[in-house]
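Report on the following structure.
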Amino acid sequence: MVKSGIRERLNLTNLIFILRGLAIGLITGVVVSLFRLAIIYIFKLFIYFYHLINQNMWLLIPMVFLSFLMALGIGTLMKQEPNIMGSGIPQVEGQLAGNLEMHWWSVLWRKFIGGALGIGSGLFLGREGPSIQLGAAVGQGFAEMTKHTESERRILIAGGGAAGLSAAFNAPIASTLFILEEVYHNFSPLIWTTALASSISANYISLHFFGLKPALQMINIQTLALPQYGHLIVLGLVLGLLGYLYQVVLLRATDLYNILHKIPVFYRSIVPFILVIPIGLYLPQTLGGGNTIILSLVDSKALTVLLGLFLLRFIFSMISYGSGLPGGIFLPILTLGAIIGATYATSMTVLGILPAKYLTDFIIFGMAGYFAGIGKAPFTAILLITEMVGSLHHLMPLAIISLVSFVVVDVLGGAPIYDSLLKKLIGQNEIDLGGKKDRLETPIFAGSKLENKKVLELDWPENSLLITVRRGEKQLIPHGETILKAGDTLVLLTEHQNRANLRTEMDALSGFESL
């Protein structure tokens with residue numbers, strides 16, 4: 001009797017999910033760290049091959065043959081499991097929204113091999129998207145093997161995704177916020193505590209593999225003087241315009257491959273695998289996701305070199321991603337942003353408008369602003385760059401430039417890039433998920449049409465039932481006279497296959513469908 005009374009007084013739900021998140025993070029940390037190591041060693045091997053070819057050009061023939069074999073091998077993996085194509089973040093977002101369903105083990109091992117080969121070969125792809133999908137697969141596998149409910153499974157998938165990004169970039173706080181802001185769109189305590197626990201434990205494992213040094217640690221960082229803050233507005237406008245251009249081109253990149261009718265969809269990676277060879281022979285320093293390029297920009301570069309580098313990275317990243325290869329756009333976006341920032345700073349220095357000492361700072365600003373505009377996730381951009389660079393000197397400038405870039409893309413009609421990629425994916429890949437019951441949690445923001453309304457005054461979507469109103473730490477059982485307030489989280493019951501539609505209908509009911 002005493003023990004049961006203690007259990008009733010103690011709320012162990014958050015603690016239990018934190019412990020589960022820690023376990024998922026530890027597993028994900030090992031998986032993603034091994035994934036990163038595989039990419040590093042494969043990349044070093046390819047650089048060595050290019051060095052040998054420059055000494056003996058006849059070795060170009062076996063190199064072309066090897067590239068064909070790799071493209072065919074990865075293509076076969078994608079044909080067997082189409083959900084490993086591309087970044088992986090849209091797939092995870094679709095899975096959490098209820099649009100898609102995946103077999104975790106099939107995705108896990110194929111994404112690991114296909115991503116390591118594609119990214120390690122020097123193509124302009126990032127490791128972060130695949131890392132998120134690998135972590136999400138670990139979370140899903142953990143949930144299914146421990147017999148969790150659908151709603152609990154999504155929490156663990158989200159935690160695994162956060163852990164994957166944390167292990168990829170050693171940025172646990174930003175990784176948690178990215179999953180909440182960009183992928184799951186839910187800030188309930190159970191979600192963020194689980195994701196944070198997973199991120200921390202995954203980062204702990206990753207630090208044992210790669211050390212305590214921040215992923216993009218830079219020297220010669222200055223505190224931007226207040227008279228120079230006008231540059232943040234100008235650069236933010238430039239980043240927003242170029243970010244919108246990036247969105248438009250990326251969303252059409254896969255369509256350009258339709259010109260190649262004779263090449264099957266899953267084997268289009270032959271194109272970037274062949275085109276990357278001359279880049280590897282003559283410009284090997286430009287290969288890969290771009291972290292080494294970002295660090296090299298702190299050394300003064302000529303404007304023509306920076307512009308050429310931007311065009312090369314922009315065009316070939318589209319060719320790489322458009323082929324459907326298992327690789328991300330996260331790091332390539334940061335690389336392009338860094339180049340834009342360096343180009344702007346160098347131009348202003350040449351004109352005598354900006355002191356040369358601020359070059360490194362504008363590289364950092366460029367990364368944050370470009371990602372904030374393209375991803376429409378300014379908070380993630382601010383925290384991510386802060387953690388990756390390892391400096392707190394730039395919080396105010398990062399906030400300004402991220403906000404300006406975000407507003408420019410928003411005014412032009414740009415949507416979050418991963419949402420747009422998900423919509424495109426759903427059109428090709430939506431499946432029937434069966435009639436299982438599921439829950440949807442949706443917050444009430446300030447200014448929502450739901451704010452200060454009684455439950456009985458609202459026209460609730462069909463095939464749904466409001467079962468709980470979460471207000472702070474309290475769980476309210478709603479009735480017709482319950483008044484909804486800003487800050488509440490509504491918990492609705494629906495069919496599993498109807499969850500995504502219900503989210504859309506609830507967004508429309510709240511008046512925030514355009515956000």
Side-chain angles (χ1 to χ4, degrees), residues 11-33 35 83 88-109 111-112 128-168 172-173 175-206 433-434 436-441 470 489 491 493 496 499-500 503:
N11 183 0
L12 300 179
T13 303
N14 276 323
L15 176 60
I16 291 170
F17 272 91
I18 287 172
L19 293 175
R20 291 167 180 165
L22 289 171
I24 290 170
L26 292 174
I27 300 169
T28 300
V30 173
V31 171
V32 173
S33 295
F35 181 65
N83 285 312
I89 296 176
Q91 287 91 331
V92 175
E93 185 173 350
Q95 192 174 15
L96 293 174
N99 295 115
L100 299 173
E101 190 55 89
M102 288 173 278
H103 301 288
W104 69 272
W105 177 245
S106 176
V107 167
L108 182 65
W109 74 267
K111 190 76 170 191
F112 188 106
E128 65 301 315
S131 297
I132 290 174
Q133 192 174 20
L134 289 174
V138 170
Q140 181 182 347
F142 183 94
E144 291 182 3
M145 287 190 289
T146 50
K147 308 298 182 183
H148 283 73
T149 65
E150 287 294 329
S151 58
E152 292 172 339
R153 188 182 74 139
R154 279 196 305 277
I155 294 171
L156 299 181
I157 290 173
L165 182 57
S166 178
I173 309 302
S175 300
T176 302
L177 186 58
F178 177 75
I179 293 298
L180 301 177
E181 183 180 27
E182 180 67 15
V183 179
Y184 202 8
H185 310 292
N186 191 310
F187 285 78
S188 73
L190 200 57
I191 303 296
W192 73 255
T193 51
T194 304
L196 181 60
S198 297
S199 296
I200 291 171
S201 59
N203 185 55
Y204 178 78
I205 296 296
S206 179
L433 299 176
K436 296 177 287 186
K437 293 293 183 182
D438 206 344
R439 300 196 316 169
L440 173 71
E441 296 185 10
R470 185 180 299 124
T489 297
V491 182
L493 187 67
H496 186 63
R499 189 173 183 276
R503 180 184 291 279

Find the distance between [atom1] ([X]) and [atom2] ([Y]) and round it off to the nearest 0.5 Å.
X: L22; Y: T194; atom1: CG; atom2: OG1; answer: 9.5 Å
X: N83; Y: W104; atom1: CG; atom2: CH2; answer: 15.5 Å
X: W105; Y: M145; atom1: CH2; atom2: CE; answer: 9.5 Å
X: L15; Y: T193; atom1: CG; atom2: OG1; answer: 10.0 Å
X: I132; Y: I179; atom1: CD1; atom2: CD1; answer: 5.0 Å
X: M102; Y: L108; atom1: CE; atom2: CG; answer: 12.0 Å

Grab the two heavy atoms, one from [X] and one from [Y], that are nearest each other, plus how far apart they are.
X: L26; Y: S201; answer: N-OG, 3.5 Å
X: L156; Y: A143; answer: CD1-CB, 3.7 Å
X: L180; Y: W192; answer: CD1-CB, 3.4 Å
X: G159; Y: S198; answer: O-CB, 3.1 Å
X: S131; Y: V32; answer: OG-CG1, 3.5 Å
X: S33; Y: S206; answer: OG-CA, 3.5 Å

Per side-chain hydrogen bond (donor to acceptor under 3.5 Å, both in side chains), Q95 is matched among E101, Q133, R153, R154 by E101
Start with the C-alpha gap between L196 and I173, add the side-chain angles, then the distance that decides, and say whether side-chain contact (heavy atoms from CB on, under 4.5 Å) holds. CA-CA 7 Å; L196 181 60; I173 309 302; 4.0 Å; yes
Going by atom types alone, do T176 and S199 pair a side-chain donor with an acceptor below 3.5 Å? yes
Report yes if some heavy atom in the side chain of V31 is under 4.5 Å from a heavy atom in the side chain of F112; otherwise report no. yes
So does F142 get a backbone contact from the side chain of T146, meaning a donor-acceptor N/O pair under 3.5 Å? yes
All pairs passing salt bridge (charged side-chain N to carboxylate O under 4.0 Å, His left out) where residues 131-142 contributes a residue, at least two apart: none
